[in-house]
Amino acid sequence: MMKENLLKLFVDNTTHYFKHLSRESVEVQVPYLIAHHEPVIFDYTGIIGVSGAYRGYVYLTAPSKMMRFLLQTQGEQDYSEPHCLDVIGEIANVLAGNVRRELGAEFMISVPLRIAGQPDKLLLTDKSWSFAIPIRYSLFIAALVVSLEEHVM
Amino acid sequence: MTMNKAMVKLMIVDDSTIVQRRIERDLQLPYVKVVGSASDGVEAVQLFQQTLPDAVTLDLTMPNMDGLATVSALLAIQPKTRILVISALADKATAIEAIRRGANGFIYKPFTETELNAALRELLGD
């Protein structure tokens, strides 16, 4: 699939997810190219490894205030770090898993790797393209980063 | 298949405790009692052997033992158990494979409270 179409899938799925979550405003903005050594990163990050027809990573990264808000939205009252990590991983899993509706089971995804804080380095695929998709949800800004290369099976 | 509405024991399996709690909170079927929650397939098999639930909601993408393997493992213990898969994996092939292994229903994440209860009602023959 052309990368423009692949990115559109992620944009559409991300829009659908956040609209589904609550009545808060959501604007998923135009993806922009990022260098593999300059990853976009906020306070909490959920990383999904991708294998099969594509290889690389998809990750969702968001500020702690947004995580607190997301927990509130889901009826939770405990905003501790384990819960923030739980939610960021779960949302990343849904955003990556939902693209299989179009890409099929050959878009294989891992269980989420959850990170709090700013890691020293985050491995983006340096052999391919990486795009950040800005997400404006309510008063917050987060990003979905898609770092993939096509793999001929 | 219509199950006994006097009490249906439900087990929830998902690697997210937030999702586990949301399923329990959204559940609106008075004849369904949650007997426990598990975070992966291995834990699910252990809890299943202890509680022998009538029905299970089951995630697919989990550590240690994934959901498809868990479907087979749980039904090997108690074949009559009804399994509703709740997964982000939105492709048809995965849903078909889950059903082939013996799952009885499939809904996609994200799901609404209405979708969850409708799927459980259908699962339980209500």
Side-chain angles (χ1 to χ4, degrees), chain A residues 9-10 12-23 26 46 48-53 58 60 67-68 70-80 82-114, chain B residues 12-28 34 37-44 57-71 85-101 103 106-116:
Chain A
L9 277 183
F10 281 104
D12 291 347
N13 278 323
T14 303
T15 305
H16 173 259
Y17 181 87
F18 282 97
K19 283 187 173 173
H20 190 276
L21 200 60
S22 71
R23 293 179 181 172
V26 58
I48 305 295
V50 177
S51 58
V58 174
L60 177 68
M67 299 317 301
R68 181 187 172 101
L70 286 168
L71 283 163
Q72 270 182 329
T73 301
Q74 300 193 39
E76 295 291 333
Q77 295 175 334
D78 179 346
Y79 313 124
S80 61
H83 281 189
C84 291
L85 289 168
D86 185 313
V87 169
I88 197 82
E90 176 61 18
I91 299 175
N93 171 60
V94 173
L95 296 181
N98 280 184
V99 299
R100 285 173 50 140
R101 182 175 289 114
E102 289 80 13
L103 298 181
E106 295 307 313
F107 189 85
M108 299 165 69
I109 64 171
S110 72
V111 295
L113 172 66
R114 302 164 167 103
Chain B
I12 299 169
V13 186
D14 198 297
D15 65 340
S16 164
T17 56
I18 301 296
V19 173
Q20 290 174 10
R21 285 215 290 268
R22 198 197 136 193
I23 290 170
E24 189 161 1
R25 202 166 45 236
D26 286 355
L27 194 58
Q28 292 181 335
V34 176
S37 299
S39 297
D40 63 46
V42 173
E43 200 179 299
T57 67
L58 180 64
D59 189 15
L60 291 184
T61 308
M62 299 185 295
N64 300 325
M65 183 193 294
D66 71 21
L68 289 175
T70 305
V71 171
V85 173
I86 303 179
S87 175
L89 303 180
D91 59 291
K92 284 183 184 170
T94 299
I96 290 167
E97 177 61 15
I99 300 299
R100 189 188 71 75
R101 288 180 184 231
F106 198 113
I107 60 172
Y108 298 118
K109 295 177 179 177
F111 57 88
T112 64
E113 183 180 314
T114 303
E115 288 166 347
L116 173 68

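Being a predicted model, the structure only gives us computed values, none of them experimental. Below, chain A is the first sequence line, B the second, and so on; all start at residue 1.
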Any chance you could measure B/Leu89, atom CG, to A/Asn93, atom CG, to the nearest 0.5 Å? 7.0 Å

About how many Å separate OG1 of B/Thr112 and CG of A/Leu21, when rounded to the nearest 0.5 Å? 12.5 Å

Show your working on side-chain contact (heavy atoms from CB on, under 4.5 Å) between B/Val19 and A/Glu90 and close with a plain yes or no. CA-CA 8 Å; B/Val19 173; A/Glu90 176 61 18; 3.5 Å; yes

Contact class of A/Gln74 relative to chain B, heavy atoms under 4.5 angstrom: both

Please report the shortest heavy-atom distance between A/His16 and B/Pro110, naming the atom on each side. CE1-CG, 4.1 Å

Flag the one option from A/Val111, A/Asp86, A/Val94, A/Ile91 with the top tally of heavy-atom pairs under 4.5 Å to chain B. A/Asp86

Mark yes or no for whether A/Asn98, through its side chain, and B/Lys109, through its backbone, hold a donor-acceptor pair below 3.5 Å. yes

Side chain proximity check, B/Lys92 to A/Arg100, heavy atoms < 4.5 angstrom: no

If I measure from the heavy atoms of chain B, does A/Pro82 come under 4.5 Å with its side chain, its backbone, both, or neither? neither

At their closest point, which heavy atom of A/Ala105 faces which heavy atom of B/Thr94, and how far apart are they? CB-OG1, 4.3 Å

Heavy-atom distance under 4.5 Å to chain A: side chain of B/Ser87, backbone, both or neither? neither

So, are B/Arg22 and A/Glu76 salt-bridged, with charged N and O less than 4.0 Å apart? no

Can you tell me which portion of B/Asp14 sits under 4.5 Å from chain A's heavy atoms? Options are side chain, backbone, both or neither. side chain

Honestly, the part of A/Leu71 sitting under 4.5 Å from a heavy atom of chain B is side chain

Aromatic B/Tyr108 / basic A/Arg101 pairing, under 6.0 angstrom, 45° off normal: yes

